[in-house]
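A short worksheet on the structure shown next.
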Amino acid sequence: MQLKRHSILILLVFTTLMLCCKHQEKDAKITAVDPIDVTTKTKENNPVIRHIRTADPSAHVWKDGKVWMYTSHDREDAVNYDTMDGYRAFSSTDMVNWTDHGDVLHSKAISWGASGWMWAPTAIYKNDKYYLIYPHSVKGTKDDMRCGVAVSDVPEGPFKDLGWIKGVEGKWLDPCVFTDTNGKVYLYWGVRTPKVALLKDNLLELAEAPKLIAYGNDNFFEASYMHTYNGKYYFSYNAGLGGFYGIGDSPYGPFDYKGAINPKQRQDHHSIINYKNQQYFFYHVQDWNGGTKYRRNICIEYLYYNEDGTIKEIYATQDGVERLQN
Ligand code: FUB
């Protein structure tokens with residue numbers, strides 16, 4: 001009898017412990033999606049994001065003084081681009097340690113589009129809100145994409161879809177949104193033929209008919225990007241076999257073709273920021289640790305200008321950029 005009571009007691013303690021562990025396991029799963037510091041590396045800092053595959057970095061310095069990077073997400077089992085299912089946000093204050101803020105907009109949250117097909121996003125801060133502008137397929141092909149707009153009150157999202165920009169449809173678009181010093185917002189997009197148009201304040205409509213961009217060459221393929229330096233407008237892009245650019249006096253161009261910016265990166269999809277008085281170039285590689293053109297990783301390099309305003313060519317390095325002392 002004594003032995004039986006003892007066994008029941010042991011069983012009770014065991015069951016309670018099991019339940020407790022189960023509960024903790026559940027809690028652990030919840031905390032695992034919280035932001036995590038992904039690295040404390042000091043040398044060989046490229047790629048900057050290693051725990052998942054990411055591509056198409058859209059980097060920004062927002063008003064909190066941090067660098068924010070919005071990326072598309074390549075799955076580890078990807079054999080195509082159709083499984084790219086959502087955007088990720090990362091932030092940093094030292095360019096080496098990046099906090100992963102998780103999935104900020106998933107294709108399942110977009111009522112008008114297919115599952116997957118969340119290709120290269122661009123981002124903008126406007127009227128105290130953060131927006132992602134992104135190409136997404138309606139029915140599941142690279143030819144039927146629309147340019148979605150999603151909003152959040154905070155940089156880390158989540159972002160809520162608002163619909164798409166009328167008049168910007170077609171092949172994967174690769175949008176880039178750019179705010180000029182006078183507050184006007186321009187959208188660049190296109191595949192093989194780059195286009196630009198002023199956006200209305202609501203970001204959901206074009207304020208004018210799209211204009212073709214003249215850039216002194218015909219090697220444009222995709223991934224338009226616009227940044228300014230010393231009052232000049234730099235239009236850059238992927239030519240299919242690397243990044244190239246031209247310089248102009250207006251956001252519309254024409255741009256004077258200047259040659260390569262990132263010539264050896266077969267698929268150059270980049271963005272450029274100035275952070276703490278240093279210019280940085282964000283891009284992705286396809287060959288890191290079992291990477292492929294569908295399993296990419298984001299890297300960062302310094303960007304320098306020559307005295308005449310041209311850009312010194314950039315080549316991928318393993319070291320990348322050094323950690324800033326905050
Ligand atoms: O990430 C999907 C596509 O690959 C992008 O839209 C292109 O720019 C290329 O990076």
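When a ligand or atom number is given, it counts from 1 through the structure's own listing order. All heavy atoms count here, side chains included; hydrogens, waters and symmetry mates do not. In this text, all values refer to a predicted model and were calculated from it rather than measured experimentally.
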With a 6.0 Å cut-off on ring centres, are Tyr305 and Tyr234 close enough?
-> yes
Check whether the ring centres of Phe255 and Tyr257 lie less than 6.0 Å apart, and answer yes or no.
-> no
Side chains of Tyr188 and Asp174: do they bring a donor and an acceptor to under 3.5 Å?
-> no
Considering only NZ, NE, NH1 and NH2 on the basic side and carboxylate oxygens on the acidic side, decide whether Lys126 and Asp201 come within less than 4.0 Å.
-> yes
Please check if the side chain of Tyr229 supplies one atom and the backbone of Thr310 the other of a donor-acceptor pair under 3.5 Å.
-> no
Sorted by chain and residue number, the residues with a non-hydrogen atom under 4.0 Å of ligand 1 are Asp56, Met84, Trp119, Ala120, Trp172, Asp174, Glu222, Gln267, His269, His284, Arg296
Among residues two or more places apart or on two chains, list those pairs meeting salt bridge (Lys or Arg N to Asp or Glu O under 4.0 Å) that have a residue in residues 59-69.
-> Lys63-Asp128
